[in-house]
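Each remark here refers to the structure printed beneath this line.
By convention in this document, chain letters (A, B, ...) are assigned in the order of the sequence lines, proteins followed by strands, and residues within each chain are numbered from 1.
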2 protein chains.
Amino acid sequence: MDTNGPDVPAFDVMQADCPSRVVLQRIGDKWTPLVFQALKDGPRRFSQVRAAVGQVTPKVLTQTLRTLERDGLVGRRVYAEVPPRVEYSLTGLGRTLLGPLDAVRAWAEANAGGILQARDAYDSRGTGDLP
Amino acid sequence: MDTNGPDVPAFDVMQADCPSRVVLQRIGDKWTPLVFQALKDGPRRFSQVRAAVGQVTPKVLTQTLRTLERDGLVGRRVYAEVPPRVEYSLTGLGRTLLGPLDAVRAWAEANAGGILQARDAYDSRGTGDLP
DNA sequence: CAGCATCCTTCCCGATACTG
DNA sequence: CAGTATCGGGAAGGATGCTG
């Protein structure tokens, strides 16, 4: 029998219009991976996230968090206090992305040096040694 | 003794100017992950890569491949033939990125549906149920 | 504190046409 | 076949100022 029905579309990144590509877009977003790092140990307030990821403007950080919230990766909790407090946290879905994300992060940190060297080598080819 | 000297900078993605961030940029590039998929089974010609990744213009594909070549992730081999033949392949460094990349790809394909659902839920909140 | 509004710049990417 | 040259649009991201 057919256990996966017609409503399990079998996403394929190689297909131009495949929704799975949005994930790559997210990861490529300038601040998304940093936000995940900031939230990986539990809920954090807006300002805490901001402090953790560096000098991102409030506008852009809000955009980033809203997008992640819409995608179901980040939860947003507002406390009716004054001064206002808003906490962000990874959802269950969001936490499952931590693994792949960390693999990429680890690779990046381990191999950034190699990339830099490759660039130097590439850029020095064809520079200066021809009359 | 100190096996890793002071010239192993211990890259950290959380640092604003850290070179490891370029890796995230690459993955976020529209065509880079697709190029990796196209090259994962061995060398491919320019036209083969182009056919595999979909409708990318020659200019953009060249840009992408040049960047990857400069970063030491992709090799480029020109054969002195007519008509000309150029083959691209992953370097050793490039192949080590296949793992992390595939983790992300697998997650994306597995969870694109969940993201789509989350979006529907998010977008339908606050639409239609208020007078 | 946690945003929103507005303006502006930069960069990615695509369409089209041409070449060794 | 495998590119290069040129033009242009649109989206991401940043600067600044204001608000519940």
Review point. Can you check whether B:Y88 has a side-chain N or O nearer than 4.0 Å to OP1 or OP2 of D:dC1?
Key: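 No, because none of the side-chain N or O atoms of B:Y88 sits under 4.0 Å from OP1 or OP2 of D:dC1.
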[X] [atom1] to [Y] [atom2] distance, which is reported to the nearest 0.5 Å:
X: B:L34; Y: B:R50; atom1: CG; atom2: CZ; answer: 14.0 Å
X: B:T67; Y: B:W31; atom1: OG1; atom2: CH2; answer: 14.5 Å
X: A:S20; Y: A:M14; atom1: OG; atom2: CE; answer: 10.5 Å

Review point. So which one's nearest nucleotide on DNA chain C is more toward 5', A:R66 or A:P83?
Key: A:P83
With 3.5 Å as the limit, what N/O pairs link the protein to nucleotides 13-17 of chain C?
residue : atom : partner : partner atom : Å
C:dC13  : OP1  : B:K30   : N            : 2.9
C:dG14  : OP1  : B:K30   : NZ           : 2.9
C:dG14  : OP2  : B:W31   : NE1          : 2.9
C:dG14  : O6   : B:K59   : NZ           : 2.1

From [atom1] of [X] over to [atom2] of [N], roughly how many Å is that when rounded to an integer?
X: B:R44; N: D:dG3; atom1: CZ; atom2: P; result: 16 Å
X: A:L65; N: C:dC4; atom1: CG; atom2: P; result: 11 Å
X: B:R45; N: D:dG3; atom1: CZ; atom2: P; result: 10 Å
X: A:F46; N: D:dT19; atom1: CZ; atom2: C1'; result: 14 Å
X: A:L34; N: D:dA12; atom1: CG; atom2: C1'; result: 16 Å

Review point. When clusters are formed by joining ILVMFWY residues with side-chain heavy atoms under 4.5 Å apart, either directly or through shared neighbours, do B:Y122 and A:L68 land in the same one?
Key: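 Per the 4.5 Å side-chain linkage, B:Y122 and A:L68 are not co-clustered.
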Check your understanding: Do the side chains of B:L116 and A:V13 join up, straight or via other hydrophobic residues, at under 4.5 Å, putting them in one cluster?
Key ->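 Hydrophobic grouping puts B:L116 apart from A:V13.
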Practice item. Quick one: closest heavy-atom pair of A:E87 and A:P43, and the distance? Key: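 Closest approach of A:E87 to A:P43: OE1-CB, 3.7 Å.
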Exercise for review: Give me the residues of residues 72-79 of chain B where at least one heavy atom lies under 4.0 Å from an atom of DNA chain D, by number, or none.
Suggested key: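 Heavy-atom cutoff 4.0 Å gives B:R76.
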**Study point:** Those residues that, when tested against A:R45, pass side-chain hydrogen bond (donor to acceptor under 3.5 Å, both in side chains) (two or more places apart)
**Key:**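 None.
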Exercise for review: In sequence, state the C-alpha distance, the side-chain angles, and the governing distance for B:R26 and B:D29, and then conclude on side chain to side chain contact (heavy atoms under 4.5 Å, CB included).
Suggested key: CA-CA 5 Å; B:R26 292 292 159 274; B:D29 285 352; 3.7 Å; yes
Revision key, fill the gap. Closest of D:dG3, D:dC1, D:dG20 to the A:P84 side chain is D:dG20
Exercise for review: Assess the side chains of B:Y88 and B:R76: does a donor N or O sit below 3.5 Å from an acceptor N or O?
Suggested key: yes
